[in-house]
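Numbers restart at 1 for each chain; the letters A, B, ... are given by sequence-line order, proteins then strands.
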Amino acid sequence: MTNETAERPVNFIRNIINDDLATQKHQQVKTRFPPEPNGYLHIGHAKSICLNFGLAEDYQGGCNLRFDDTNPAKEDMEYVESIKRDVEWLGFQWDGEIKYSSNYFETFYDCAVELINKGLAYVCFLNAEETREYRGSLKEPGKESPFRNTAPQENLALFEKMRAGGFKEGECVLRAKIDMASSFMCMRDPTLYRVRFEHHHQTGDKWCIYPMYDFAHCISDAIEGVTHSLCTLEFQDNRRIYDWLLEHLDAFNRPDRPHQYEFSRLNLEYTVMSKRMLHQLVGDKLVEGWDDPRMPTISGMRRRGYTPASLRDFAERIGISKVDSMTEMGILEAAIRDDLNVVAPRTMAVMDPIKLVIENYPEGELESIQAPVHPQNEEMGKREIFFGRELYIDRADFMETAPNGKYMRLAINKEVRLRNAYIIKGERFEEDADGNVTTVYCSYDPETLGKNPADGRKVKGVIHFVEASKALPAEFRVYDRLFTVANPAKEDDFEAVLNSESLLLKQGFVEPSMANAPVEQAYQCEREGYFCRDNKITDRLVFNRTVGLRDVWAQKK
RNA sequence: AGGGAUAUGGCCAAGUGGUAAGGCAUCUGGUUUUGAUCCAGUGUACCGCAGGUUCGAAUCCUGCUAUCCCUGCCA
C-alpha cells in the first residue's frame, strides 16, 4: 500500500481486509451491494453503498450490484429501476453486468440437490404453525421433524416434485438438517426453499419454488467471488448458517470463500429508516411519495437538494463500527453545507416580501449591477441584478425600532446595507389594519455602491432584496424535521409524532437571473439558506430549501 | 436453559500493553457588503462498573451491569 491509504478512514473492516491481503487469503477485494427490490433506497443504504463501493475503489477491486430477488411476492421492477438510478446518482459504477440472485436459481437448485444427497436436507411436511412449535424456544431445544430422516432418494423425488408444481403453497418446504438444539435459532433446521406460485419479475413463471435469503445469499456471494460480504448487525446469528452452507457445498468450501462481516446500520435522529415505516408513510399519504423532500430516501434527498458528494462525505464522517448508534442531524447538515458553500452560486430571494420605497431615488429609473456569483470565488463570474426605486425586502428584516444595540437590520432612523447595492436609511413606514407592515420608506446614499461611506461612518447590517419591477414570483418550500421526537421508531404509533410543520410554503420573489434555474441545481439564497429548483414541478418557479445557513443569531434569540 | 453482539467527552469515531486522534456540536476572540464562510482558540473523557495481572492497561484476565439482536415457509 502507498501512503495514500493513510488518508483513508480507519475501521475494523479495513483492518480485516488489510490482514486478508497480507496473509494472501485473498489477492483482491470483491464486495457487493445486495438490495431487495421491495422499496426505495434511503440514507442508510447510502452508508452501505459508500462502504461497499468505496472499499472496491480504494483496493482496486470490484463491487457488484445484486438484486436479492428471492421473494417475488414483495418485489417489483419499479424498485429495481429506482435502485439503479440511485446508485448511479451517488456516483458509483458496479462491476460488470447487474446481477440478480435469480440468475443463480438453477445453481441453487443443484446445491439443494447436493445437500439432499449428502443427507443434509429434507422435504418437510409440517405446516407453518407446527414448524414453529417444533422449533422450541430461546431457552428450550426444538424437536426433530418426523420427516427429518426420510432417505435421500425419497427426498430427491419429493424435491423434484416441489419444483414441478406437485405441491401446494405451504404444503411442504425443503429444510437443512442441522441441529434442532442449537442455541442459534437459525440453525434449527432452517427452511431453504418454499413453494410460491408467484410471477417473478425476472424469471417469469419458470419457478414455483423460491430459495430463502439464508440459502441464496451465501451461495450468490460465492458464485460472484465476493471476498467480504458486508451486512448489518441483525445478521450476526445468520453468519452461522452462511458458513455452514458454504462449508458443506463442495464447490464453495475453499480457503478463499466469502466471509460475512457485520456493521451497525445507520439511525438518524428525527426520521425513520425502516422500509416498513417508509412504506406506511407513502401508503397513508402522509408524504407526497418516496421522493418527498422530507423523506430520508435517496430520491427524496436528491429532490431536496442534497448532492452525491455530500452524501458520500456524510458516510465518511460517520464511519463504520459495530456500536448501536443514533446519529445527530447536525452531521448530515454540516456535510451538505460544506459542499454547497463552495459550489453553490449565490442569489437573492425574498420569501416573505414587504415593499421598500427609496424616496430619493429617481422615479422610473432602473440600474443594472454586476454582482459576484460567489464572493469567495471570482472565477464563478458575475450575474446581473437590478436596483430601482421600489424593492422587496423580507418582513423579518425590518422593525420600527431596534430592540437592542446588537440588532443589525433595518429600522426607522437606522442605516443598513442592501446586499450588493447601496446603504439605505429607514424614514417611515405604513401598516395595514392588522398592524402588519406593508411598505417601508427609505432614503439611500448614492455614494455607497461598492464602497463604504466616505465620512467613515460604520454601517454593520446587511440585508438582501429584489428589485420589484424585475422580480420573478416564486414559491419556496421550507422543510423541517419529519418527526417531533428524536427516535420515532420507538413510539407505539410513529405517525402520531409526525411534525405538522415539516413543510412551510412561502410565496415570494427571486432575481431575474433565476428565470431558467435548472432543476436540482443548488443555489445559496444569501442569508436564507441553500435551495434548489424542484425536479417535479417545473412549469413555475418552485424552490426546495435543502438546509438553512448556520444561524448563531437564531440560537441566541 | 439460552445464544449472539456492543459499551471511549453532548453525537459519531480512532486506538489492538507505554501513558486518550479526528469530525460534528458547544463556547471565546478576529476578519467579513451573507448575524454565512474563513481564521485562531476552547473540553478535569474516573475509556460502562468492580476486582486482578503488569514497572506500566481503554487495550490482558475474572466477575458484574446496561443496551441491541435471534423462536418468518421476510430480508
When rounded to whole Å, the CE to P distance for the pair M329(A) and A25(B) reads 15 Å
So side chain to side chain donor-acceptor pair (under 3.5 Å) across residues 137-146 of chain A, not counting sequence neighbours, yields E144(A)-R148(A)
Across the strands shown, which category fits Q376(A) at heavy-atom distances under 4.0 angstrom: base, sugar-phosphate, nothing?
-> base
ask   = Side chains of E78(A) and Y40(A): do they bring a donor and an acceptor to under 3.5 Å?
value = yes
| So, do F12(A) and F263(A) have ring centers that fall under 6.0 Å from each other? | no
What one should report as the nearest heavy-atom pair of G39(A) and I83(A) is O-CD1, 4.0 Å
Separation of the C1' atoms in A57(B) and U62(B), to the nearest angstrom = 15 Å
If the P atom of U19(B) is compared with that of C24(B), how far apart are they to the nearest Å? 26 Å
Assert: residue with more 5' nearest nucleotide on RNA chain B, out of T131(A) and E528(A), is E528(A)
A5(B) phosphate, OP1 or OP2: any side-chain N/O from R239(A) under 4.0 angstrom? yes
Note on RNA chain B: ranges paired as stems (three or more Watson-Crick/G-U pairs in a row, both atom distances under 3.5 Å) are B:2-7 with B:65-70, B:10-12 with B:22-24, B:27-30 with B:38-41, B:48-52 with B:60-64
So what does G136(A) touch, heavy atoms closer than 4.0 Å: a base, only the sugar-phosphate, or nothing?
base
Identify whether any heavy atom of M348(A) sits under 4.0 Å from a base atom; if not, whether one sits that close to sugar-phosphate; answer base, sugar-phosphate or nothing.
nothing
**Message:** Which label fits H217(A) and Y213(A): parallel for a plane angle under 30°, tilted from 30 to 60°, or perpendicular past 60°?
**Reply:** tilted
Item to check | Centroid-centroid distance, Y122(A) to F147(A), less than 6.0 Å | outcome: no
Contacts satisfying salt bridge (Lys or Arg N to Asp or Glu O under 4.0 Å) that involve residues 228-239 of chain A (not counting sequence neighbours) are E234(A)-R265(A), R239(A)-E262(A)
- Check every strand shown and say whether K451(A) touches a base, only sugar-phosphate, or nothing at a heavy-atom separation below 4.0 Å. base
Here the distance between atom P of C24(B) and atom CG of D338(A), to the nearest Å, is 7 Å
May I ask you to say what P375(A) touches in the nucleic acid, namely base, sugar-phosphate or nothing, with a heavy-atom cut-off under 4.0 Å? base
key: Spacing of the P atoms in C61(B) and A1(B) (rounded, Å)   = 26 Å
Sorted by position of nearest nucleotide on RNA chain B, 5' first, the leading residue of R194(A) and A421(A) is A421(A)
Note to self: I'd like to know if the side chain of D68(A) pairs up with that of S101(A) as donor and acceptor (distance under 3.5 Å, no hydrogens or angles considered).
What the structure shows: yes
- Query: Between R527(A) and G35(B), does any side-chain N or O lie under 4.0 Å from OP1 or OP2?
  - Reply: yes
- Task: Classify the side chain of R188(A) and the base of U71(B) as holding, or not holding, a donor-acceptor pair under 3.5 Å.
- Result: no
Next on the checklist: Assess whether a salt bridge exists between E511(A) and R383(A), defined as any Lys/Arg side-chain N lying under 4.0 Å from an Asp/Glu carboxylate O.
Outcome noted: yes
Open item on the list: Taking only the P atom of each, what is the distance from C27(B) to G10(B) in whole angstrom?
Closed with: 16 Å
Atom CE of M185(A) and atom C1' of A5(B) are separated, to the nearest Å, by 18 Å
Can you classify the ring geometry of F494(A) versus F483(A) as parallel (below 30°), tilted (30 to 60°) or perpendicular (above 60°)?
tilted
> Taking the six-membered ring for Trp, are the ring centroids of F235(A) and Y242(A) within less than 6.0 Å of each other?
Replying inline: no
On a heavy-atom basis, the closest approach of L549(A) and R337(A) is C-NE, 3.8 Å
Across the strands shown, which category fits R550(A) at heavy-atom distances under 4.0 angstrom: base, sugar-phosphate, nothing?
sugar-phosphate
E511(A) CD to U34(B) P, in whole Å, measures 16 Å
Check: Once the angle between the rings of Y109(A) and W207(A) is folded into 0 to 90°, is it parallel (under 30°), tilted (30 to 60°) or perpendicular (over 60°)?
Finding: tilted
Under 4.0 Å between a Lys/Arg side-chain N and an Asp/Glu carboxylate O for D397(A) and R527(A)? yes
Determine the contact category for Y193(A): base if any of its heavy atoms lies under 4.0 Å from a base atom, sugar-phosphate if only primed atoms, P, OP1 or OP2 are that close, otherwise nothing. nothing
Report which part of the nucleic acid N127(A) touches: base, sugar-phosphate, or nothing (heavy-atom distance under 4.0 Å, all strands). base
query = Which part of the nucleic acid, if any, lies within reach of G142(A) when heavy atoms closer than 4.0 Å are counted: base, sugar-phosphate only, or nothing?
reply = nothing
With rounding to the closest Å, how many angstrom separate the C1' atoms on A20(B) and A14(B)? 10 Å
(message) Heavy atoms only, 4.0 Å cut-off, all strands: where does A73(A) land among base, sugar-phosphate and nothing?
(response) nothing
- request: Classify the side chain of R196(A) versus the base of C73(B) as yes if they form a donor-acceptor pair under 3.5 Å and no if they do not.
  value: yes
Those residues at least two apart in sequence (or on a different chain) that pass salt bridge (charged side-chain N to carboxylate O under 4.0 Å, His left out) with D338(A) are R317(A)
From CD1 of I331(A) across to C1' of G10(B) the rounded distance in Å is 11 Å
Practice prompt. Rounded to whole angstrom, note down the P distance from G2(B) over to C64(B).
Written response: 13 Å
Distances for protein N or O near nucleotides 65-68 of chain B N or O, under 3.5 Å:
{"from": "C68(B)", "atom 1": "O2'", "to": "D324(A)", "atom 2": "OD2", "distance (Å)": "3.3"}

Syn within 90° of 0, anti beyond: G17(B) is anti
Open item on the list: With a 3.5 Å cut-off and heavy atoms only, can you find an N or O donor on one side and an acceptor on the other between the side chain of E328(A) and the base of G10(B)?
Closed with: yes
Roughly how far apart, to the nearest Å, are G56(B) and G17(B) at atom C1'?
8 Å
Among the nucleotides G3(B), U34(B), A75(B), whichever has the atom closest to the side chain of L549(A) is U34(B)
Under-3.5 Å N/O pairs linking protein and nucleotides 13-21 of chain B:
{"from": "A13(B)", "atom 1": "OP1", "to": "S321(A)", "atom 2": "OG", "distance (Å)": "2.4"}
{"from": "A14(B)", "atom 1": "OP1", "to": "I320(A)", "atom 2": "O", "distance (Å)": "2.9"}
{"from": "U16(B)", "atom 1": "O4", "to": "N15(A)", "atom 2": "ND2", "distance (Å)": "3.0"}

_Please tell me if R132(A) has a side-chain N or O lying less than 4.0 Å from either OP1 or OP2 of G72(B)._
yes
Regarding the side chain of F235(A), the nearest nucleotide among A75(B), C73(B), A5(B) is A75(B)
What does A128(A) touch in the nucleic acid at a heavy-atom separation under 4.0 angstrom: a base, only the sugar-phosphate, or nothing? base
- Query: Just checking N420(A): base, sugar-phosphate only, or nothing, at a heavy-atom cut-off of under 4.0 Å?
  - Reply: base
The nucleotide from C74(B), U34(B), G2(B) with an atom nearest the side chain of Q524(A) is U34(B)
**Study point:** Y213(A) over A75(B), stacked by centroid distance under 5.5 Å, angle under 30°
**Key:** no
Please determine whether any donor N or O and acceptor N or O are separated by less than 3.5 Å between the side chain of R409(A) and the base of G35(B). yes
message = Heavy atoms only, 4.0 Å cut-off, all strands: where does S182(A) land among base, sugar-phosphate and nothing?
response = nothing
Taking the C1' atom in each of A58(B) and C38(B), what is the distance between them to the nearest angstrom? 36 Å
Is the centre of the F159(A) ring less than 6.0 Å from the centre of the Y193(A) ring? yes
- Message: Once you apply a heavy-atom cut-off of 4.0 Å, does D237(A) come out as touching a base, just sugar-phosphate, or nothing?
- Response: base
